[in-house]
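Step one of this worksheet: look at the structure below.
Nothing fancy with the numbering, it's 1 onward along the sequence.
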Amino acid sequence: MKATVIATFFGVFLTCTYTAKDATKKTKKAKLYVPQIDCDVKAGKIINPEFIAKCPPGCQDVKYRVYGTDIYASFSSVCNAAIHSGIIDNTGGKILVQKVAGHSGYRGSFSNGVRSLSLPRWRESFLVSEGKPRKGVTYPTTLEYSSSKSTTVKSEPKKPEQDLKGMKSADTANTSEKALEEGDTVRKENQTTPVPTPATQMATTTPTPMTTTTDPSTTMPQPTKTPAATRTTAAAAKTRPGLHRVRDMGSSSVHPAYASVVAAAARQVQAAQGRGQNTAFRGTSTSASNSNILRHNTGVQRQEPVATFQRAASSPAHLAMETDSWKPGLNLFYTDCKVDLSFLMDGSWSIGKRRFQLQKRFLGNVAQALGIGSAGPLMGIVQYGDDPSTEFNLKTYANSKDLRNAIEKIQQKGGLSNVGKALSFVNKNFFLDANGNRGGAPNVVVVMVDGWPTDRVEEASRLARESGINIFFVTVEAAAQSEKQNVIEPNFVDKAVCRTSGFYSINVPSWFSLHKVVQPLVKRVCDTDQLACSKTCLNSADIGFVIDGSSSVGTGNFRTVLQFVANISKEFEISDTDTRIGAVQYTYEQRLEFSFDKHSTKQDVLNAIKRISYWSGGTSTGAAISYASEQLFSKSKPNKRKIMILITDGRSYDDVSMPAMAAHQNGVIAYSIGVAWAAPDELEAIASDPAKEHSFFVDEFDNLYRYVNQLIQNICTEFNSQPRN
């Protein structure tokens with residue numbers, strides 16, 4: 001009996017032991033669940049410092065931008081970077097991503113069919129390797145994504161009806177993002193960097209609703225025209241070129257709180273409504289009686305009312321509501337905002353004492369909204385007039401309270417509004433390590449301008465952008481009609497910023513409206529995904545196409561050539577301040593189809609190319625090169641690279657070597673593309689050195705498409721190898 005019990009117990013023990021071992025084996029064999037990401041996901045949007053993910057097929061595409069070689073800037077496409085590095089191919093696969101510190105420079109290259117771009121510096125980098133777990137490291141099965149509010153995006157399956165709800169809520173929250181997603185052309189033209197817009201960066205196995213906020217450009221206050229009656233010029237003052245007007249020469253006392261002025265105006269509106277009137281109202285000031293005092297040696301002078309309200313009398317509630325857009329006690333504190341910020345403060349005499357005080361109050365409110373601190377944004381101020389000077393640098397103050405107190409003590413310099421000189425000063429002196437520059441944080445300059453600058457800003461802005469500085473403009477009011485003859489550089493904002501989409505510029509109709517743009521400005525400054533203003537090979541050239549329209553080409557082949565021209569053009573960032581496109585068609589004669597300044601959007605350029613009509617005639621390529629040099633490239637901007645792309649199908653009736661040599665000496669980089677009966681010796685004579693990298697040949701027109709990527713690759717390689725400062 002006892003033996004039977006022992007045997008039974010031993011059997012049970014062995015059974016339990018083997019069961020436990022089997023369970024252990026099963027546990028050990030449990031595989032890591034690998035979340036999938038989309039092609040457009042950037043490393044910077046994923047919070048996890050190290051993770052394994054699976055890339056889908058089809059990520060090898062120029063729209064998924066990559067910056068760097070081996071080590072990539074964090075706003076590169078993760079999957080396309082993996083293809084560039086050779087870890088996976090276009091069929092997709094598992095990858096291991098490790099976040100590392102930012103670098104002072106990223107070198108572009110062409111590898112594994114992917115063209116990566118160069119970048120001066122960025123705050124964060126990442127490495128890509130084979131998707132195998134490292135020993136001792138636990139990898140997440142869900143990836144955490146950053147947004148304006150910290151959002152955890154899970155990669156677990158979700159029901160189709162949930163996806164639909166998520167898409168509806170996203171569409172409702174942000175119509176501007178929906179517009180960007182409607183087409184690739186629209187998206188590329190509206191983004192401020194050569195990378196996909198942040199709206200495309202939600203990536204999991206299934207879409208998850210993300211909290212979105214309205215684009216600040218859609219809520220920006222619009223300029224209000226001031227009635228001519230308010231712009232009176234002092235009779236004794238004479239207009240002198242190069243001098244600035246005086247907006248307000250009142251006493252140094254600060255205008256009472258703006259909210260009280262608005263409230264008073266609202267009460268007047270209500271009173272007027274009671275009388276059945278529909279009028280506009282003007283604010284009052286305790287120092288209004290002093291507004292006629294004129295300062296000596298200030299050039300054009302004028303007197304103005306302290307504040308003008310032009311809103312219809314039927315909407316006092318709306319007027320009062322706008323004062324709530326910023327409250328001095330409100331802290332926005334964007335948790336993922338880490339920028340090194342310099343304000344260029346307008347200290348010119350044209351601004352006047354009272355408006356200078358309003359400017360200081362605005363800067364203090366921005367400092368408070370940012371939440372200045374060593375782990376977040378840092379802020380310094382440069383005041384400009386005749387000459388710029390640093391009030392304090394990035395490392396002087398490490399909290400908003402001390403910074404605001406320091407801003408209150410700033411004294412006005414006076415002088416002219418030399419913005420260009422101030423930008424050059426900041427580029428050379430402000431963002432130095434000794435002044436607190438952190439290297440990994442984006443460098444941002446916000447320029448405050450009263451009316452218009454008294455010097456040129458385009459060249460100084462270009463050099464600053466090429467140093468990696470992101471430039472914003474806050475322009476207040478504008479030149480009066482009598483002052484427009486003294487404007488040195490019309491449309492100076494569009495020439496100074498890296499994108500003309502409106503993201504980098506805010507116009508304020510009055511100094512008394514500055515409080516309305518505190519939040520929009522802070523949101524843009526903290527949108528680090530869009531802070532990439534440095535010039536690249538895609539937004540820094542004037543490209544002139546010289547197209548053979550001779551009889552041997554034929555109508556059908558000519559349309560193929562135009563498609564080739566369009567395919568090249570659409571890969572570039574096109575605007576007035578980015579790449580510009582021009583075209584010449586030639587036979588025995590030459591015809592300017594459109595010049596560099598004719599079309600300022602990508603879609604307009606593509607439409608213009610489509611409208612080019614076939615000419616037919618002989619082949620005088622040498623004369624066409626000379627014509628393009630005179631009619632196109634002589635009008636190129638000094639800061640643009642001049643690139644000529646010539647397409648021909650036969651030997652020229654005239655000499656090409658001398659016109660080509662003259663073009664090369666004038667800084668034109670020439671690419672020649674020959675088809676069918678084109679002469680190889682002429683193609684090499686037309687092309688810049690080395691000829692093998694600047695000349696191409698195909699046996700028939702239908703094969704032209706094969707050289708689109710190669711041509712762009714060579715243009716970018718050449719750009720990245722040249723110093724740009």
Q.
Can you tell me how far apart CZ (Arg456) and CG (Asn418) are? Round to the nearest 0.5 Å.
A. 13.0 Å
Q) Do the side chains of Phe473 and Asn507 get nearer than 4.5 Å, heavy atoms only? A) no
Q.
Quiz question: by atom type and distance under 3.5 Å, do the side chains of Thr396 and Asn393 form a donor-acceptor pair?
A. yes
Q: Look at the side chain of Lys338 and the backbone N and O of Pro442, then say whether any donor-acceptor pair between them is shorter than 3.5 Å.
A: no
**Q.** Nearest heavy atoms of Val128 and Ala81, plus distance in Å
**A.** CG2-CB, 4.5 Å
Q: Start with the C-alpha gap between Arg115 and His84, add the side-chain angles, then the distance that decides, and say whether side chain to side chain contact (heavy atoms under 4.5 Å, CB included) holds.
A: CA-CA 8 Å; Arg115 157 60 57 191; His84 180 269; over 6 Å; no
Q) Are the side chain of Ser76 and the backbone of Val78 linked by a donor-acceptor contact shorter than 3.5 Å? A) no
Q) Rounded to the nearest 0.5 Å, how far apart are CE of Met448 and CD1 of Ile351? A) 7.5 Å
Q) Does a side-chain heavy-atom distance below 4.5 Å link Met379 with Leu394? A) no
Q) Distance-only, no hydrogens or angles: does the Gln383 side chain make a donor-acceptor pair with backbone N or O of Gln411 under 3.5 Å? A) yes
Q: Could you tell me if the ring centre of Tyr397 sits under 6.0 Å from that of Phe392?
A: yes
Q) How far does CD of Glu458 sit from CG of Leu423, to the nearest 0.5 angstrom? A) 12.0 Å
Q.
Measuring only between side-chain heavy atoms, which start at C-beta, is Val522 closer than 4.5 Å to Val366?
A. yes
Q) With a 4.5 Å heavy-atom cut-off, do Val419 and Val449 have their side chains touching? A) yes
Q | Beyond-backbone contact of Val444 with Ile469, side-chain heavy atoms, under 4.5 angstrom | A | no
Q: Output yes when a side-chain donor or acceptor of Asn48 lies under 3.5 Å from a complementary backbone atom of Leu143, and no otherwise.
A: no
Q: State whether the side chain of Lys602 and the backbone N or O of Phe572 hold a donor-acceptor pair below 3.5 Å, judged by distance alone.
A: yes
Q. Can you check whether Cys39's main-chain N or O pairs, donor with acceptor, with Ser77's side chain at less than 3.5 Å?
A. yes
Q: Would you mind reporting whether Ile506 and Thr475 have side-chain heavy atoms less than 4.5 Å apart?
A: no
(Q) Minimum heavy-atom separation for Cys526 and Leu370, please, with both atom names. (A) SG-CD2, 3.8 Å
Q: Before giving the answer on side chain to side chain contact (heavy atoms under 4.5 Å, CB included), spell out for Ser575 and Ser600 the whole-Å C-alpha distance, their side-chain angles and the decisive distance to 0.1 Å.
A: CA-CA 4 Å; Ser575 78; Ser600 58; 5.6 Å; no
Q. Under 3.5 Å, side chain of Lys395 to main-chain N/O of Ala434, donor-acceptor pair present?
A. yes
Q: May I ask you to check if the distance between the SG atoms of Cys55 and Cys79 is under 2.5 Å?
A: yes
Q: Look at the aromatic rings of Phe472 and Phe503 and report parallel, tilted or perpendicular, splitting at 30° and 60°.
A: tilted
Q) Which pair of heavy atoms, one from Val525 and one from Val339, lies closest together, and at what distance? A) O-CG1, 3.6 Å
Q. Asn435 and Asn429: which non-hydrogen atoms are nearest, and at how many Å?
A. ND2-O, 2.7 Å
(Q) Would you say NZ of Lys54 has more than 12 non-hydrogen atoms from neighbouring residues, nucleotides or ligands within 6.0 angstrom? (A) no
Q) Does any donor atom in the side chain of Asn470 or Asn443 lie under 3.5 Å from an acceptor atom in the other side chain? A) no
Q: Working to the nearest 0.5 Å, report the span between CD of Glu124 and CZ of Phe75.
A: 12.0 Å
Q. Do you know the tightest heavy-atom contact between Tyr106 and Ser125?
A. OH-OG, 2.5 Å
Q | Intermediate values then yes/no, side chain to side chain contact (heavy atoms under 4.5 Å, CB included), Val426 and Val382 | A | CA-CA 8 Å; Val426 168; Val382 171; 4.1 Å; yes
Q | Whether Asp455 side chain and Lys421 backbone form a donor-acceptor pair below 3.5 Å | A | yes
**Q.** Interatomic spacing from OG in Ser116 to CD1 in Ile83 - rounded to 0.5 Å
**A.** 13.0 Å
Q: Would you sort out whether Arg361 and Glu408 count as a salt bridge (charged side-chain N to carboxylate O under 4.0 Å, His left out), showing the intermediate values?
A: CA-CA 8 Å; Arg361 184 183 303 171; Glu408 275 302 312; over 6 Å; no
Q. Within a strict 4.5 Å, meaning less than it, do heavy atoms of the Ile52 and Ile95 side chains meet?
A. no
Q: State, to 0.1 Å, how close Tyr139 and Arg134 come at their nearest heavy-atom pair, and which atoms those are.
A: OH-N, 3.0 Å
(Q) Pair Ile410, Ile381 - check side chain to side chain contact (heavy atoms under 4.5 Å, CB included), show working. (A) CA-CA 10 Å; Ile410 295 175; Ile381 290 182; 4.2 Å; yes
Q) Do Thr579 side-chain atoms and Ser540 backbone N/O form a donor-acceptor pair below 3.5 Å? A) yes
Q. Using a distance-only test with no angle check, is there a side-chain donor-acceptor pair under 3.5 angstrom linking Asn405 and Asp402?
A. no
Q) Sub-3.5 Å donor-acceptor pair from the side chain of Asp346 to the main-chain atoms of Asp450, do we have one? A) yes
(Q) Would you say that Ser342 contacts Val445 through its side chain, given a criterion of any heavy-atom pair below 4.5 Å between the two side chains? (A) yes
Q | Pair Arg65 + Glu573, salt bridge at N-O below 4.0 Å | A | yes
Q.
To the nearest 0.5 Å, what is the distance between OH on Tyr64 and CG on Asp38?
A. 8.0 Å
Q | Ring centroid separation Phe126 to Tyr72 under 6.0 Å | A | yes
